[in-house]
Amino acid sequence: MEITAEIKDRLSLLQEKYAAMGQDITAYLDGLLYADYLTYWDYIHLDTLLSLQHPKTSYPDEEIFIMYHQITELYFKLALHECRQISANTSLTPDFFASRLKRINAYFTALVSSFDIMVDGMDKEQFLKFRMSLLPASGFQSAQYRMIEIYSTDLIQLVTLSKREQLKHATPAEQFENIYWKYGASELSTGKQTLTLQQFIVKYAGQLLQLAQNNIDHNFSSLYKTLLRRGEDMSAVEAELRKLDLFVNVEWPLSHYKSAVRYLERDPVDIAATGGTNWQKYLPPRFQKRIFYPYLWTEEQIEQWGKSWVMNVLKAYRT
Ligand code: HEM
């Protein structure tokens, strides 16, 4: 085959590139010569990915439970990838902000619409058995989920509802001490923190507080207000922030709550399967009223936060 002018051109560009770093191009051409062709399976580490499912029991549906959690964590990772790009951008524009929020919302659309894989996709009898072998582990211990929240808003919005007003001017450390999830995964009878929650705090509390402190001026709510003060047109960002608020604080929690109702509510094993926690009071969005951007909603919308949805969910599964 002829060495065309185009190839010669590429070679001289390559030579310039390597010469600039004091490198000899021939050694790198040898590298190309000896290297294997890249395959799909090596590039995405498919064998490793498919080897990460290790059920603790022999109930076949446990694999569905593991894989769907893994899929969710990968979507959370995609969302965090965009969170970091927004928060670290030193010349943030409304266009960039809105386009990255759109991506995060696309991931949550996928998560919400696929949650039926959990709600209807496992045999209840199998679930109630294999779930017992997994205690005290719980999706409650998903640190990525908590990080998405921290990137999304001011720490005060994540404080438990009954203390939100009172801790408005408190330090980040005091607010973090009263973050809403410290009131979940607690024993139903005594209110004591379960081992699930205690272990999560030991492993992640320091890291999460640090993230919140680093993001005081760079979480989405702060960044929105900064750009607004600068006189930018924030309408596209506002629309995406509203969607994000509903996805993270109403739609995903409700899809997830549906699965808790389906598997845990009607059965007497209910209490045992969660280690006897307060989940029925804790999980529904209407009790928690976690809202990232209250200033983007009307008083009535805030009042109705999550309400009609919860009633429909319960109606569907109590019959
Ligand atoms: C059949 C499926 C599921 C059931 C029955 C279920 C049940 C529960 C329960 C009862 C809680 C409350 C914590 C407690 O009281 O111990 C919880 C929390 C949680 N679960 Fe699940 N879960 C399921 C699937 C998932 C999946 C697939 C994920 C994805 C990562 C997940 C992530 C979470 C998160 C992030 C929390 C904390 C929610 C919050 O703090 O508001 N769960 N789950």
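Note that ligands are numbered from 1 as they come in the structure, with each ligand's atoms numbered from 1 the same way. As a basis for the values below, the full set of heavy atoms in this structure was taken, side chains included, without hydrogen atoms, waters or symmetry mates. Residue numbers start at 1 and run along the sequence shown.
Under a 4.0 Å criterion applied to the non-hydrogen atoms of Met122, ligand 1 contributes the atoms 1 (C). Near Phe127, meaning under 4.0 Å from one of its heavy atoms, ligand 1 places the atoms 1 (C), 5 (C). Listed by number with element, the atoms of ligand 1 under 4.0 angstrom from any heavy atom of Phe65 are 2 (C). Interface atoms of ligand 1 facing Tyr145, defined by a heavy-atom separation under 4.0 Å, are 35 (C). Distances below 4.0 Å separate heavy atoms of Thr277 from the following atoms of ligand 1: 14 (C), 15 (O), 16 (O). Using a 4.0 Å cut-off to heavy atoms of Tyr68, the atoms of ligand 1 that qualify are 27 (C). The distance from ligand 1 to the heavy atoms of His69 drops below 4.0 Å at these ligand atoms: 24 (C), 25 (C), 26 (C), 27 (C), 28 (C), 29 (C), 30 (C), 31 (C), 42 (N). Set against the non-hydrogen atoms of Leu264, the atoms of ligand 1 under 4.0 Å away are 10 (C).
Residues Phe130 and Lys56 have side chains not in contact (no heavy-atom distance under 4.5 Å, counting atoms from C-beta outward).
If you look at Phe292 and Phe220, their ring centroids are not closer than 6.0 Å. Tyr282 has its ring centre no less than 6.0 Å from the ring centre of Trp181. Here the two rings, on Tyr295 and Tyr224, have centers that are under 6.0 Å apart.
The proximity of His256 to ligand 1, defined as any non-hydrogen pair under 4.0 Å, is limited to the side chain.
With respect to the salt-bridge test (charged N to carboxylate O, under 4.0 angstrom), the residues Glu240 and Arg100 do not qualify.
Remark: distances from the non-hydrogen atoms of Arg146 to ligand 1 include one below 4.0 Å. Heavy-atom separations between Thr196 and ligand 1 are all 4.0 Å or longer. Using a 4.0 Å heavy-atom cutoff, Trp252 is listed among the residues neighbouring ligand 1. Not a single heavy atom of Gln141 sits closer than 4.0 Å to an atom of ligand 1. Judged by the shortest distance from any of its heavy atoms, Pro253 lies outside the 4.0 Å radius around the atoms of ligand 1.
Residue-environment remark: NZ (Lys102) stays at or below the threshold of 12 foreign heavy atoms within 6.0 Å.
Hydrophobic clustering (side-chain heavy atoms under 4.5 Å, transitive across Ile, Leu, Val, Met, Phe, Trp, Tyr) groups Val250 together with Ile302. Under the 4.5 Å side-chain contact rule for hydrophobic residues, Leu14 and Ile7 share a cluster.
The salt bridge (charged side-chain N to carboxylate O under 4.0 Å, His left out) check on Arg10 picks up Glu6, with sequence neighbours excluded.
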What donor-acceptor contacts under 3.5 angstrom involve side-chain atoms of residues 142-150, with partners at least two apart or in another chain?
residue : atom : partner : partner atom : Å
Ser142  : OG   : Glu73   : OE2          : 2.8
Ser142  : OG   : Tyr145  : N            : 3.3
Gln144  : NE2  : Glu73   : O            : 2.8
Gln144  : NE2  : Glu73   : OE1          : 2.8
Tyr145  : OH   : Val248  : O            : 3.4
Arg146  : NH1  : Tyr180  : OH           : 2.6
Arg146  : NH2  : Phe140  : O            : 3.1
Glu149  : OE1  : Tyr180  : OH           : 2.9
Glu149  : OE2  : Tyr180  : OH           : 2.6

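Where the criterion is an N or O separation shorter than 3.5 Å, residue side chain and backbone included, Tyr282 meets it with respect to ligand 1. Checked by distance only, ligand 1 and Arg290 come closer than 3.5 Å through their nitrogen or oxygen atoms. Between Tyr263 and ligand 1, a contact under 3.5 Å exists for no N or O pair.
When each of Glu187, Gln193, Lys192 is paired with Thr190, the side-chain hydrogen bond (donor to acceptor under 3.5 Å, both in side chains) condition holds for Glu187 and for no other.
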